[in-house]
Number of protein chains: 2
Amino acid sequence: MAQNRPMSTPGLRERKKARTRQAIQEAAYRLIKENGYEATTVDQIAAAAEVSPATFFRYFPTKEDTIIRDEYDPIMVESWRKHMRDGRSPIATARLVVAETLGHISPADQELFRWRTRLMYSVPALRARVWDNFSQTQTVFAELIGEQLGLPANDIRVLATTGGFIGALISVFEYWSDRPELSVAEVIDTTLSVLEQGI
Amino acid sequence: MAQNRPMSTPGLRERKKARTRQAIQEAAYRLIKENGYEATTVDQIAAAAEVSPATFFRYFPTKEDTIIRDEYDPIMVESWRKHMRDGRSPIATARLVVAETLGHISPADQELFRWRTRLMYSVPALRARVWDNFSQTQTVFAELIGEQLGLPANDIRVLATTGGFIGALISVFEYWSDRPELSVAEVIDTTLSVLEQGI
DNA sequence: CATGAATTGAGAGTAACTCTCAAAAGAGAG
DNA sequence: CTCTCTTTTGAGAGTTACTCTCAATTCATG
């Protein structure tokens, strides 16, 4: 029973795991930046992070996950959950969530985020996972939109709406990833306006 | 110069290629129906079709393509191109295209189509390719919608709109694939109505 | 039928995973 | 501190999708 331990010191074992994970993550970023995604092998990443290939897969289920995974998604979902019953429209809620989360990321992290996003759209293996990645948040959207329309979350009209939402976001993120002069907030703002007034 | 030959008899070589392709396709369908997608190996399919594994890959770039590829997409694109300047709204054009193409497929082919679609949404490797598959038609959508809005096809508002379109279709096809009592036309119809009145 | 071009099979190679098992290392009890 | 119990790790073998090369076969054509 190792449950009763202060949050501040998660124990040596946990700290080591966190360090290993980060070592792998950073090795992946570095090698992929240097040599490209496809030219970088899992074995190389593992070697650079000083773990065995087997251990790599204990931390990242696939090579793709080193690029695809980020900390923003769960934060945005949480923010959405927090605000979805404030009485705002879905569009207004979305605006708020983006401002609250993607709004204040440090410039360095923004750069990293853009690089990762560009990779995601340009490397076939990563591009393949874009829909799945975005659509994991579909359920949360569906809840709110279903409520507002007075329909169950798996009603076809709700699905069409949330699917449309997500599709628009995917397209527009690709647009953003190739245009350094644009901020995420700007792009999402435009998108939401378009969706607001109908297709 | 083997170009000058009547359309009716494409030469032995071409006929043989067509037969080989179909043999592989059918072997793939059969084995995957029997044992499931992941449990079926390319080697098994090749053996069943009586070709070498190398030849399999000469006809299908990946195992996924045996399920994902179909003849409807290019037909729909062609139909879209034919009707897009008839003066109809994008929604009306879409309705027409669906009616004209997916409308009259034989019952047997409809069943096959539904089975393939269900597979595409349930097998991760196939699901991963759904967005890419649908979004190949995004460019054709974008042309018409850009024209109607008086915007270039790569304007962000056009992208948001077409992306929304495609996302809605993806979501709604999954819904359809699990409900044998619904026809494609019905489902698309509902979807288009939703999109028409805005999100 | 002879010659050139396309198609095929065989075989070796690569890279992303998966599984198993034994060694190593932290956690907790006494 | 030491003895267990549990978790984490590395090593190694195995599977599968896919790629490349090369020589043999097969069709097309003059």
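Owing to the predicted nature of the structure, the values given are computational and were not obtained by experimental measurement. Below, read A as the first sequence line, B as the second, and so on, with proteins coming before strands; counting in each chain starts at 1.
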Exercise. Less than 4.0 Å between a side-chain N and a carboxylate O, is that true for Arg30(B) and Glu26(B)?
Worked result: no

Exercise. Looking at residues at least two apart in the chain, or sitting in another chain, which of them share a side chain to side chain contact (heavy atoms under 4.5 Å, CB included) with Gln110(B)?
Worked result: Ile105(B)

For this session: Using ring-ring contact (aromatic ring centres under 6.0 Å, His included) as the criterion, list what pairs up with Phe173(A), not counting sequence neighbours.
Result: Phe134(A), Trp176(A)

For this session: Check side chain to side chain donor-acceptor pair (under 3.5 Å) between Arg19(B) and all other residues, then give those that pass, not counting sequence neighbours.
Result: none

Exercise. Nearest of dG10(D), dG9(C), dT16(D) to any side-chain atom of Thr55(B)?
Worked result: dG9(C)

Exercise. Looking at five pairs on each end of the helix from dC1(C)-dG30(D) to dG30(C)-dC1(D), what is the angle between the two axes, given to 10 degrees?
Worked result: 10°

Exercise. Quick one: side chain to side chain contact (heavy atoms under 4.5 Å, CB included) partners of Asp189(A), sequence neighbours excluded?
Worked result: Arg95(A)

Seminar exercise, completed: Which of Tyr121(A), Tyr37(A), Tyr29(A) passes ring-ring contact (aromatic ring centres under 6.0 Å, His included) with Trp115(A)? Answer is Tyr29(A)

Problem set entry | Residues which pass side chain to side chain donor-acceptor pair (under 3.5 Å) with Arg21(B), listed by chain and number, not counting sequence neighbours | none

Problem set entry | Any pair counted as salt bridge (charged side-chain N to carboxylate O under 4.0 Å, His left out), so long as it reaches residues 44-67 of chain B, sequence neighbours left out | Glu64(B)-Arg129(B), Asp65(B)-Arg69(B), Asp65(B)-Arg129(B)

Exercise. CD1 of Ile32(A) versus C1' of dA16(C): gap in Å, rounded?
Worked result: 14 Å

Pairs: protein N or O with nucleotides 22-26 of chain C N or O, under 3.5 Å:
residue: dG26(C); atom: OP1; partner: Lys16(A); partner atom: NZ; Å: 3.4
residue: dG26(C); atom: N3; partner: Arg13(A); partner atom: NH2; Å: 3.0

Problem set entry | dT7(C) phosphate, OP1 or OP2, under 4.0 Å from Tyr59(B) side-chain N/O | no

Exercise. Looking at residues 120-128 of chain A, who's got a heavy atom less than 4.0 Å off DNA chain D?
Worked result: none

Exercise. CG/Leu96(B) to CD1/Ile91(B) distance, rounded to the nearest 0.5 angstrom?
Worked result: 13.0 Å

Problem set entry | For Glu147(B), all residues meeting side chain to side chain donor-acceptor pair (under 3.5 Å), sequence neighbours excluded | Arg85(B)

For this session: Looking at every strand, decide which applies to Phe60(A) at a 4.0 Å heavy-atom threshold: base, sugar-phosphate, or nothing.
Result: nothing

Exercise. How long is the gap from CD1 on Ile156(B) to OG1 on Thr190(A), to the nearest 0.5 Å?
Worked result: 5.0 Å

Exercise. Going by an N to O cut-off under 4.0 Å, is there a salt bridge joining Glu174(B) and Arg127(B)?
Worked result: yes

Kindly give the atom pairs (protein nitrogen or oxygen, nucleotide nitrogen or oxygen) under 3.5 Å for nucleotides 18-23 of chain D.
residue: dC18(D); atom: OP2; partner: Lys63(B); partner atom: N; Å: 2.8

For this session: Sequence neighbours left out, what passes ring-ring contact (aromatic ring centres under 6.0 Å, His included) with Tyr175(A)? Give chain and number order.
Result: none

